[in-house]
Amino acid sequence: MLSHIWNIVLYDPLVNALAFLVSVIPGGDVGIAVIILTLFVKIILFPLSQKSIESQAEMSILSPELNKIKAGGASKEEQAKQTFELYKKHKVNPFSGCLLVLIQIPIIFALYYVFFKGINFESGILYSFIHIPENINMIFLGILDISKKSIILAILAGVSQYLQAYYMPKPNVSSGAPGGFAESFAKNMHMQMKYIFPFVVAFIAYSISGAVALYWITSNLFMVGQQIYVKKEKNFKMVVK
């Protein structure tokens, strides 16, 4: 039942969109179609991801004030009250980012799964008005075969993942006891996302195909641009205030 809903709502529409793009792109370059489809999905998700990034950025900006509240020595009830008032003053919802990310995950995973399963337009899932592309060219820009493993694209996927983590707003760290669990956990997660996960992404991208690597590169670079935009926007608002 769930797999049927998954196919109807997410997987099938993405495969059909990819087939349509391959049909209209000169030369049937699947690599270009992968980039366009990834960008199209990211643009649709832009409002959600924008809110998520803004929420992370706002929490990062409020981090010093939150730390002052925790270091003030007040009771937990008073700290909670002051924290709530701080969020209300700055119109920040600390849970909005998590909720928005959870909404995006199924769509992003479905897009990834399209490329993970391989480019196959003859599986009987194309809509009646979508025809199997006459020309399916897996040689991206006439240089790289994205149907096979590509060390070049895998490395670029890892680098783009590092950039995405680099520009990600730093997590809000509690000002509890130095070296406390919360602080250590947050720092370790940030370090792993920045220095370990890029290698994981590169390995997975190389293990599957160049199409998956190309998807990851496009998605990460889009997020980098969005994160830079949010950061500049927040800094501008702070200067105006």
Side-chain angles (χ1 to χ4, degrees), residues 3 5-50 103-164 167 198 201-229:
S3 61
I5 295 175
W6 164 272
N7 289 333
I8 292 178
V9 176
L10 293 174
Y11 181 74
D12 290 1
L14 289 173
V15 172
N16 279 269
L18 186 63
F20 171 76
L21 289 171
V22 174
S23 298
V24 299
I25 291 173
D29 193 320
V30 176
I32 295 177
V34 167
I35 293 175
I36 294 175
L37 179 60
T38 304
L39 289 175
F40 178 73
V41 173
K42 297 297 287 186
I43 290 172
I44 291 177
L45 294 175
F46 185 87
L48 292 176
S49 58
Q50 184 78 354
I103 294 173
Q104 297 176 66
I105 286 177
I107 303 173
I108 295 173
F109 185 75
L111 182 61
Y112 166 81
Y113 196 59
V114 168
F115 307 132
F116 173 79
K117 289 188 68 175
I119 310 301
N120 180 16
F121 300 131
E122 299 182 1
S123 56
I125 63 174
L126 295 185
Y127 302 143
S128 59
F129 54 88
I130 300 292
H131 302 289
I132 297 175
E134 296 181 0
N135 187 12
I136 302 176
N137 179 17
M138 300 299 293
I139 311 300
F140 177 50
L141 299 178
I143 302 174
L144 297 171
D145 186 351
I146 63 172
S147 66
K148 300 178 180 179
K149 298 177 181 180
S150 172
I151 185 65
I152 295 175
L153 291 177
I155 292 174
L156 290 176
V159 171
S160 67
Q161 183 62 45
Y162 171 80
L163 292 174
Q164 199 259 342
Y167 285 103
V201 167
F203 175 77
I204 294 175
Y206 178 72
S207 300
I208 302 175
S209 70
V212 171
L214 196 57
Y215 153 74
W216 235 314
I217 293 168
T218 306
S219 179
N220 285 335
L221 291 181
F222 185 93
M223 287 299 296
V224 167
Q226 194 172 3
Q227 288 164 347
I228 293 174
Y229 169 76

- Item | Residue pairs, two or more places apart or on separate chains, that pass side chain to side chain donor-acceptor pair (under 3.5 Å) and touch residues 125-141 | none
- Enter the distance from Leu153:CG to Ile146:CD1 here, rounded to the nearest 0.5 Å. 8.0 Å
Ignoring hydrogens and angles, write down the donor-acceptor pairs under 3.5 Å from the side chains of residues 32-39, residues two or more places apart or on other chains.
residue, atom, partner, partner atom, Å
Thr38, OG1, Val34, O, 2.7

- Message: Taking side chain to side chain contact (heavy atoms under 4.5 Å, CB included) as the definition, give me every residue that meets it alongside Ile8, ordered by chain and number, with sequence neighbours left out.
- Response: His4
- Message: Within a 6.0 Å radius of atom CG on Leu141, are there more than 12 heavy atoms belonging to other residues, nucleotides or ligands?
- Response: yes
- Task: Report the residues that fulfil side chain to side chain contact (heavy atoms under 4.5 Å, CB included) with Phe116, sequence neighbours left out, ordered by chain and then residue number.
- Result: Tyr112, Tyr113, Ile208
- Item | Derivation and outcome, side-chain contact (heavy atoms from CB on, under 4.5 Å), residues Leu163 and Asn220 | CA-CA 8 Å; Leu163 292 174; Asn220 285 335; over 6 Å; no
- Query: Do Asn7 and Ile125 pass the side-chain contact (heavy atoms from CB on, under 4.5 Å) test, and can you show the C-alpha distance, the side-chain angles, and the key distance before you say yes or no?
  - Reply: CA-CA 9 Å; Asn7 289 333; Ile125 63 174; over 6 Å; no
- For Pro198, which residues count as a side chain to side chain contact (heavy atoms under 4.5 Å, CB included) partner, sequence neighbours excluded? Gln161, Tyr162
- Query: For Tyr206, what residues pass the ring pair (Phe, Tyr, Trp, His ring centres under 6.0 Å) criterion, not counting sequence neighbours?
  - Reply: none
- Pairing residues for Ile44 by the side chain to side chain contact (heavy atoms under 4.5 Å, CB included) criterion, not counting sequence neighbours: Phe40
- Item | side chain to side chain donor-acceptor pair (under 3.5 Å) involving Asp145 - partner list, sequence neighbours excluded | Ser147
